[in-house]
Amino acid sequence: ENKYYYTKVANTLVKEGYYKLAYEYYHRALVLKSEFSIEDFKYAAFASFQVKDYKKTIIYLEKLYKKMCKDINQYK
C-alpha cells in the first residue's frame, strides 16, 4: 500500500519547501491511517501551518504530543 510512500514523499516535499503539495500527501496518509513517526508529525504540523490550515496544525500537534508521551512511557 502507499501509506509509507505518502509520508516519505511529504517529508521530502516539506524539506524542499513545497508545503501545499506536502500538506495534501499528509492528508492522504492520515485518511489511510498510516503510522506516523514523531518526525512525520512535526513536518505535517509545519506544512499545515504554512498553508494556514490552523485546525489541522492543532490536530497534528496533538497527535505529536500523544506519540511522544507514548514513546516516553514505552522506554521507562
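Residues take their numbers from the sequence shown, with the count starting at 1. Computed from a predicted structure; not experimentally measured.
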Once rounded to the nearest 0.5 Å, what's the spacing between atom NZ of K42 and atom NZ of K67? 12.5 Å

Do F49 and Y54 make the cut of ring centroids closer than 6.0 angstrom? yes

I'd like to know if Y5 and F36 are part of one continuous hydrophobic network [Ile/Leu/Val/Met/Phe/Trp/Tyr, side-chain heavy atoms within less than 4.5 Å]. no

Given side chains that start at C-beta, do those of K8 and D40 come closer than 4.5 Å, heavy atoms only? yes

dist R28:CZ -> Y25:OH (nearest 0.5 Å) comes out at 5.5 Å

For A10 and A22 the tightest heavy-atom approach is O-CB, 3.6 Å

Got more than 12 heavy atoms from elsewhere within 6.0 Å of NZ, K66? no

Side chains of Y23 and K56: does their closest heavy-atom pair fall under 4.5 Å? yes

Rounded distance [0.5 Å steps], OH in Y26 versus CG in L13: 8.0 Å

Starting from L21, can I reach V51 by hopping between I/L/V/M/F/W/Y residues whose side chains sit under 4.5 Å apart? no

To the nearest 0.5 Å, how far apart are CD1 in I72 and CD in Q74? 11.0 Å

From OG1 (T7) to CD (E39), nearest 0.5 Å: 10.0 Å

Please work out which of the three classes, parallel, tilted or perpendicular, describes the rings of Y60 and F41, given edges at 30° and 60°. tilted

Give, for atom CG of L30 and atom OH of Y6, the distance between the pair rounded to the nearest 0.5 Å. 13.0 Å

Grab the two heavy atoms, one from L61 and one from A45, that are nearest each other, plus how far apart they are. CD2-CB, 3.7 Å

Is it the case that atom NZ in K15 sees more than 12 heavy atoms from other parts of the structure closer than 6.0 Å? yes

Measuring only between side-chain heavy atoms, which start at C-beta, is K55 closer than 4.5 Å to D53? yes

Hey, quick one: are V14 and I58 part of the same hydrophobic cluster, counting side-chain heavy atoms closer than 4.5 Å, chains of contacts allowed? no

